[in-house]
Undergrad: 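Got a structure for you, written out below as structure tokens; questions coming shortly.
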Amino acid sequence: MKKRILSGMRPTGKLHLGHLVGALSNWVKLQEAYQCFFMVADWHALMSEYEDPKELDANSFEVARDMLAAGIDPEKSVLFIQSHVPEHLELAMIFNVITPLSWLERCPTYKEQLRDLAGRDLTTYGFLGYPVLQAADIAIYKANAVPVGVDQLPHLELTREIIRRFHGLYKKNIFPEPEPLLTSTPKLAGLDNRKMSKSLGNFIALSDSPDTIEKKVTQMITDPERIRLKDKGHPDICTVFSYYLIFAGVKKDEVRAWCEGAQIGCTECKKRLAGIIIDMLAPVRKKREELTDKKVEEILKEGAGKARKAAAATLDEAKRLINLVPDKYDL
Ligand code: TRP
Ligand code: SF4
């Protein structure tokens, strides 16, 4: 039996190169060795976007399409939208009941997010419970492992603590304690060398056209001291070069030589990088074109069906342990 993993992404906008190198390309590989559940975490997005949810459904749908285009294979993995599987919320409610407030208040990501997203009022009951719902997302599939970035480690630790508390209280171990699957993924800077973010718009989306990619790469920040072609460049402080390091394989040594030896100009250097990114995204673009709305809808419907089946079985087990047995009532 293959081990199970679950992971999710919040649909806060189009997926971009940062998602691809940071998570998605790893998910695609994991599909061979694990039984995978991949989820578009729309409830989690709503927790920070509740003041303006008008894009929520469209974003979830496009994120699912991006995931499929990037290589999530519905024949191998279960892909679904979190809110299509209401069982998550019932298990989250069980976890809400047993999770001490202090665990949530001291969670480092909670404090960070309150600070970073200062433009929004996140002092809500729901947002405090963000990691509780995440714990339910994971436990409801009895996931053994969760591929996440280091930023999510506190949430995974909380998941393990909640699971242990559940087991301790109800004297039966029904959930595996999930392990993080950390990959040493490189951190991709934004096009302007700031942190890549939706609000700054400093990214290349997986769905960008070749023209758009070329335009965006042209606008990237380079070594500010390299003005003329004959100026020798410093690749280590150049954002363009940091992209070569991630996307260009052995070619990166060649680029370093071009730059330090003032052999090619920044315009040409960027043009070549754009070519590399355009080629890399060509299969994603092709698959995206094949994925009609109808096809994506079908895949998500089938995914929700499979996910619900697995989730309902676990929920039933958990409810029995706390003596909630609605099925006795033939409702
Ligand atoms: N909190 C995760 C993020 O922001 C998204 C997420 C929701 C998730 N539920 C999850 C990730 C369960 C892993 C497992 O990236
Ligand atoms: Fe950056 Fe390339 Fe210009 Fe060097 S030549 S500064 S690596 S864009």
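Hydrogens, waters and symmetry mates are skipped; everything else that's a heavy atom, side chains included, is used. None of the values given here were measured: they were computed from a predicted structure. Counting starts at 1 for both ligands and their atoms, following the listed order.
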Undergrad: His44 heavy atoms, cut-off 4.0 Å: which ligand 1 atoms fall inside?
TA: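 Selected atoms, number and element: 7 (C), 9 (N).
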
Undergrad: Check for a donor-acceptor pair, side chain of Asp223 on one end and backbone N or O of His234 on the other, with a separation under 3.5 Å.
TA: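 Such a contact is found between Asp223 side chain and His234 backbone.
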
Undergrad: If you apply the rule salt bridge (charged side-chain N to carboxylate O under 4.0 Å, His left out), what do you find for Arg160 with Glu157, and how did you get there?
TA: CA-CA 5 Å; Arg160 295 159 59 89; Glu157 198 41 50; 3.6 Å; yes

Undergrad: Could you tell me which atoms of ligand 1, counted from 1 in the order shown, lie closer than 4.0 angstrom to a heavy atom of Met39?
TA: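 It comes down to these atoms of ligand 1: 7 (C), 9 (N), 10 (C).
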
Undergrad: Is it possible for you to check whether Arg272 lies under 6.0 Å from the centre of the six-membered ring of Trp258, through NZ or CZ, and within 45° of that ring's axis?
TA: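 Yes, Arg272 sits over the ring of Trp258.
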
Undergrad: For a quick test of reading the model, state the closest non-hydrogen atom pair linking Leu122 to Ser48 and the distance between them.
TA: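 In this case the closest contact between Leu122 and Ser48 is CD2-CA, 3.8 Å.
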
Undergrad: Of the protein's non-hydrogen atoms, which lies at the shortest distance from atom 5 (C) of ligand 1, and what is that distance?
TA: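 Going by distance alone, atom 5 (C) of ligand 1 is nearest to Gly8 O, 3.6 Å.
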
Undergrad: Is the shortest distance from a Lys or Arg side-chain nitrogen in Arg226 or Glu260 to a carboxylate oxygen in the other one below 4.0 Å?
TA: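 Looking at Glu260 together with Arg226, the answer is no, because their closest N to O distance does not fall below 4.0 Å.
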
Undergrad: Between Leu17, Asp66, Leu206, which is the residue that forms a side chain to side chain contact (heavy atoms under 4.5 Å, CB included) with Leu24?
TA: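 Between Leu24 and the candidates, side chain to side chain contact (heavy atoms under 4.5 Å, CB included) is satisfied uniquely by Leu206.
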
Undergrad: Do His88 and Tyr141 make the cut of ring centroids closer than 6.0 angstrom?
TA: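 Close enough - the centres of the two rings lie under 6.0 Å apart.
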
Undergrad: What atoms in ligand 2 come closer than 4.0 Å to a heavy atom of Asp223?
TA: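 Here the atoms of ligand 2 in question are 6 (S).
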
Undergrad: Would you check if there is a donor-acceptor pair between the side chains of Ser209 and Asp211 at a distance under 3.5 Å?
TA: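 The answer is no; no qualifying pair exists.
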
Undergrad: Answer yes or no for Cys269: is there an N/O/S atom below the 2.8 Å cut-off from atom 1 (Fe) of ligand 2?
TA: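 For Cys269, the answer is no, given that no N, O or S atom comes within less than 2.8 Å of atom 1 (Fe) of ligand 2.
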
Undergrad: Answer yes or no: does an N/O atom from Ser7 fall short of 3.5 Å to an N/O atom of ligand 1?
TA: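 So ligand 1 has no N or O lying under 3.5 Å from an N or O of Ser7.
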
Undergrad: For atom 14 (C) of ligand 1, what is the closest protein heavy atom, and at what distance to 0.1 Å?
TA: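 Going atom by atom, the protein heavy atom closest to atom 14 (C) of ligand 1 ends up being Leu6 CD2, 3.6 Å.
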
Undergrad: Out of all atoms in ligand 1, which are within 4.0 Å of some heavy atom of Arg10? Include the element for each.
TA: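 Atoms satisfying the 4.0 Å criterion: 4 (O).
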
Undergrad: Identify, by atom number and element, the atoms of ligand 1 in contact range of Tyr130, meaning under 4.0 Å from any of its heavy atoms.
TA: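 So the answer, numbered in order with elements, is 1 (N), 2 (C), 3 (C), 4 (O).
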
Undergrad: For a salt bridge (charged side-chain N to carboxylate O under 4.0 Å, His left out) check, start with the C-alpha distance between Arg10 and Glu49, then their side-chain angles and the critical distance, and finish with the verdict.
TA: CA-CA 11 Å; Arg10 280 174 308 141; Glu49 312 297 318; 5.6 Å; no

Undergrad: I need the atoms of ligand 1 closer than 4.0 Å to a non-hydrogen atom of Gln152, numbered in the order shown.
TA: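 So the answer, numbered in order with elements, is 1 (N), 2 (C), 3 (C), 4 (O), 15 (O).
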
Undergrad: Any idea which protein heavy atom is nearest atom 8 (S) of ligand 2, and the distance to it?
TA: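 Checking every protein heavy atom, the shortest distance to atom 8 (S) of ligand 2 gives Thr222 CG2, 3.5 Å.
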
Undergrad: Any salt bridge linking Glu290 with Lys286? Criterion: basic side-chain nitrogen under 4.0 Å from a carboxylate oxygen.
TA: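 Judged by the 4.0 Å cut-off on N to carboxylate O distance, Glu290 and Lys286 do form a salt bridge.
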
Undergrad: Report yes if the distance between the aromatic ring centroids of His155 and Tyr130 is under 6.0 Å, otherwise no.
TA: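 That pair passes the under 6.0 Å test.
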
Undergrad: For Val146, counting its heavy atoms only, list the atoms of ligand 1 lying under 4.0 Å from any of them.
TA: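 Ligand 1 atoms under the 4.0 Å threshold to Val146: 13 (C), 14 (C).
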
Undergrad: Write out the residue and atom name of the closest protein heavy atom to atom 4 (Fe) of ligand 2, then the distance separating them to 0.1 Å.
TA: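 Here the closest protein heavy atom is Cys259 SG, 2.3 Å.
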
Undergrad: Strictly under 2.8 Å, is any N, O or S atom of Cys266 next to atom 4 (Fe) of ligand 2?
TA: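 Coordinating: no.
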
Undergrad: Check Arg65 with Glu62, please: is the shortest side-chain N to carboxylate O separation under 4.0 Å?
TA: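 So Glu62 pairs with Arg65 through a salt bridge.
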
Undergrad: What are the atoms of ligand 2, with element, lying closer than 4.0 Å to any heavy atom of Arg226?
TA: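 The list of qualifying atoms is 3 (Fe), 5 (S).
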
Undergrad: Using a strict 4.0 Å cut-off to heavy atoms of Ala41, name the atoms of ligand 1 that fall inside it.
TA: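 Near Ala41, meaning under 4.0 Å from one of its heavy atoms, ligand 1 has 7 (C).
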
Undergrad: Got an N/O contact under 3.5 Å between Gln134 and ligand 1?
TA: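 By distance alone, the answer is yes.
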
Undergrad: Identify the closest protein heavy atom to atom 9 (N) of ligand 1: which residue and atom is it, and at what distance?
TA: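 Minimum-distance protein heavy atom for atom 9 (N) of ligand 1 reads Asp137 OD2, 2.7 Å.
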
Undergrad: Using a 4.0 Å cut-off to any heavy atom of Cys238, which atoms of ligand 2 qualify?
TA: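 Near Cys238, the atoms of ligand 2 are 1 (Fe), 6 (S), 7 (S), 8 (S).
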
Undergrad: Between Phe175 and Phe166, is the gap from one ring center to the other below 6.0 Å?
TA: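 Yes, they do, as the ring centres are separated by less than 6.0 Å.
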
Undergrad: Is it the case that ligand 1 has an N or O less than 3.5 angstrom from some N or O of Gln82?
TA: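 Between Gln82 and ligand 1 (N or O atoms, distance only) the closest approach is not under 3.5 Å.
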
Undergrad: For ligand 1, which atoms sit closer than 4.0 Å to a heavy atom of Ile138?
TA: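 The list of qualifying atoms is 12 (C), 14 (C).
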
Undergrad: When you measure from the heavy atoms of Lys270 to every atom of ligand 2, does any distance fall below 4.0 Å?
TA: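 Outside the 4.0 Å threshold, so no.
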
